[in-house]
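Let me begin by presenting the structure, written as structure tokens, before commenting on it.
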Amino acid sequence: MADIEIPEYFLCPISLQILKDPVTTITGITYERESIEQWLKTARGNPTCPVTKQPLPGDSELIPNHTLRRLIQSWCTLNAIDGIDRIPTPKSPIKKSQVLRLIKDLDVPGHPCTKALMKLEALAAENERNRTCMVEAGVAKAMVLFIIKCFKEGKTTGLEEGLRILYLIWNQSQEIMSLVRENQEFIDSLTWILRCKIDNHVAVKTHAMLVLNRIKIVEANAVFELIELELEKPERNITELIFNLLAQLCSCADGREQFLKHAGSIAMLSKRVLRVSPATDDRAVHILDSISKFSARDEAVLEMLRVGAVSKLCMLIQADCAPYLKKKARGILRLHSNTWKNSPCIAVYLLTRYP
């Protein structure tokens, strides 16, 4: 596969990877849907087209480029003998109206809610785009109200799906914490789930505990305390435990907010990469990935460069570590290469242009 020359117009200008779901913007440039959506989501001020630098409003329509996708699929088929996998036809993005209909089905008297919950769960598990749409449609509030309703009526049908949906979309909304923090009925509902006898109790109670922990641990300022504990340079097994907890907490908006408020958080993270264990590297990259995708304010992105996190990501790509970890590190570097590539101390673009 390394000897096969991929046509330049088959590559996304942002990720520099072969297009799987090509969409064309109002500027006429085609990008990978996920890449351009992430670009628009994280852009500050008035976003522009990465290639033409023309204005590109965040609500611009992205038109699927079916012709280019079919060309790429045909090219992949012709080169299958050389190890090229065929690009599957992408599913159409869900619409807010679809999600709203499923939410409405939860409240229809006599209507079995399990089917709607299972559809919502499948959508939430599919991709980030679906989860973002679900949050905007009010799924988080619907799940909180559904769980409270189960508690009040003493019913357990659908609880597993409801809790899993809430857990999956948790890190997509900064409003979720304010929704549940002062809702004592919701806390009481989770406590009830942990106490009562219930079918498939392990899965249901595990999800209830994960949701409850995120509320309580973040409120207790655990992120700050964990960073302070790690700065004391504990034994390796303690560091691994700390990084695992931090990764869990940083998967929600409030957790990432607390992490970034600590002046030494990113520096501590970057110093531990490639120095402790593969498990620590995995969790550290997971945290940096969450920050880069969902909390990438200008100061955070520049801090990653200043304290050496960007350099460590580049070292991971060249180190003897798991391929999935290299792929994730490369993805983080590509995401903010426009900011980092101009640094006099590191040419990120050269390190991320080729897989």
Side-chain angles (χ1 to χ4, degrees), residues 11-27 29-44 47-51 56-66 68-70 72-73 87-104 116-143 161-162 164-176 179 250-253 256 286 288-296 324 327-328 330-332 334-336:
L11 302 177
C12 172
I14 297 176
S15 69
L16 300 173
Q17 297 296 300
I18 193 165
L19 292 158
K20 296 180 180 179
D21 187 6
V23 292
T24 303
T25 65
I26 58 173
T27 60
I29 306 298
T30 297
Y31 299 94
E32 178 64 29
R33 182 186 292 277
E34 184 178 350
S35 297
I36 191 62
E37 285 181 343
Q38 187 64 34
W39 172 276
L40 293 172
K41 182 179 177 181
T42 58
R44 294 291 181 268
T48 58
C49 173
V51 173
L56 190 61
D59 58 355
S60 298
E61 185 178 2
L62 302 175
I63 303 172
N65 193 329
H66 298 300
L68 180 57
R69 174 177 54 77
R70 293 190 188 103
I72 294 173
Q73 288 177 325
I87 302 299
T89 301
K91 294 183 179 180
S92 299
I94 62 168
K95 297 180 180 178
K96 192 174 180 179
S97 57
Q98 295 175 258
V99 180
L100 289 172
R101 281 197 297 270
L102 291 172
I103 293 174
K104 190 175 180 180
L117 286 168
M118 290 177 69
K119 287 183 178 179
L120 286 169
E121 182 183 359
L123 289 171
E126 196 169 283
N127 55 48
E128 294 287 349
R129 186 168 63 249
N130 286 0
R131 291 191 282 272
T132 300
C133 178
M134 291 170 72
V135 169
E136 292 173 352
V139 172
K141 183 177 181 179
M143 290 305 101
E161 291 82 1
R164 178 161 169 76
I165 292 166
L166 185 58
Y167 180 76
L168 284 171
I169 67 174
W170 191 283
N171 64 353
Q172 296 299 303
S173 172
Q174 296 184 3
E175 299 177 2
I176 294 178
L179 176 67
C250 285
S251 63
C252 68
R256 292 190 298 274
H286 180 86
L288 291 174
D289 185 56
S290 294
I291 291 170
S292 297
K293 287 180 177 177
F294 308 119
S295 303
Y324 80 90
K327 183 178 179 180
K328 186 170 285 189
R330 195 175 288 117
I332 299 170
R334 287 195 187 100
L335 196 59
H336 300 291

Would you call [X] and [Y] a side-chain contact if the rule is heavy atoms closer than 4.5 Å?
{"X": "Leu62", "Y": "Thr25", "result": "yes"}
{"X": "Ile26", "Y": "Pro57", "result": "yes"}
{"X": "Pro50", "Y": "Pro13", "result": "no"}
{"X": "Cys12", "Y": "Lys20", "result": "no"}
{"X": "Met143", "Y": "Leu120", "result": "yes"}
{"X": "Arg69", "Y": "Pro90", "result": "yes"}
{"X": "His336", "Y": "Ser292", "result": "yes"}
{"X": "Leu56", "Y": "Thr27", "result": "yes"}

(message) Under a 3.5 Å cutoff, is there a donor and acceptor pairing between the side chains of Thr89 and Gln73?
(response) yes
(request) Would you indicate whether Gln98, at its atom CD, is surrounded by more than 12 heavy atoms from other residues, nucleotides or ligands within a distance under 6.0 Å? (result) yes
(request) Tell me, yes or no, whether the heavy-atom count around Lys328 atom NZ, taken from other residues, nucleotides or ligands under 6.0 Å, exceeds 12. (result) yes
(message) Run the side-chain contact (heavy atoms from CB on, under 4.5 Å) test on Glu121 and Leu117 for me, step by step, so that the C-alpha distance in whole Å, both residues' side-chain angles and the decisive distance to 0.1 Å come before the verdict.
(response) CA-CA 6 Å; Glu121 182 183 359; Leu117 286 168; over 6 Å; no
Supply the atom-to-atom distance [X] [atom1] to [Y] [atom2], rounded to the nearest 0.5 angstrom.
{"X": "Cys250", "Y": "Leu288", "atom1": "SG", "atom2": "CG", "result": "9.5 Å"}
{"X": "Glu34", "Y": "Gln17", "atom1": "CD", "atom2": "CD", "result": "11.5 Å"}
{"X": "Leu100", "Y": "Lys95", "atom1": "CG", "atom2": "NZ", "result": "13.0 Å"}
{"X": "Thr132", "Y": "Ile94", "atom1": "OG1", "atom2": "CD1", "result": "9.0 Å"}

May I ask you to decide if [Y]'s main-chain N or O and [X]'s side chain share a donor-acceptor pair within less than 3.5 Å?
{"X": "Arg256", "Y": "Ile291", "answer": "no"}
{"X": "Asn65", "Y": "Thr24", "answer": "no"}
{"X": "Glu32", "Y": "Asp21", "answer": "yes"}

(request) Show the numbers, then the answer: is there a side-chain contact (heavy atoms from CB on, under 4.5 Å) between Asn130 and Asn127? (result) CA-CA 6 Å; Asn130 286 0; Asn127 55 48; 3.2 Å; yes
Closest non-hydrogen atom pair between [X] and [Y], with its separation:
{"X": "Leu40", "Y": "Pro47", "result": "CD2-CB, 4.1 Å"}
{"X": "Pro64", "Y": "Arg33", "result": "CG-NH2, 3.7 Å"}
{"X": "Gln38", "Y": "Leu335", "result": "CG-CD1, 3.3 Å"}
{"X": "Tyr31", "Y": "Val51", "result": "OH-N, 3.3 Å"}
{"X": "Ala124", "Y": "Leu168", "result": "CB-CD1, 3.8 Å"}
{"X": "Ile29", "Y": "Cys49", "result": "CG1-SG, 3.9 Å"}

(request) Check the pair Arg129 / Glu37 against side-chain contact (heavy atoms from CB on, under 4.5 Å), numbers first and verdict last. (result) CA-CA 9 Å; Arg129 186 168 63 249; Glu37 285 181 343; 3.2 Å; yes
(message) Which residue in the set Leu11, Ile87, Thr30 passes side chain to side chain contact (heavy atoms under 4.5 Å, CB included) when paired with Leu19?
(response) Thr30
(message) Using the rule given for side-chain contact (heavy atoms from CB on, under 4.5 Å), can you reason through Ile165 versus Met134, listing the C-alpha separation, both sets of side-chain angles and the distance that settles it, and then say yes or no?
(response) CA-CA 10 Å; Ile165 292 166; Met134 291 170 72; 4.2 Å; yes
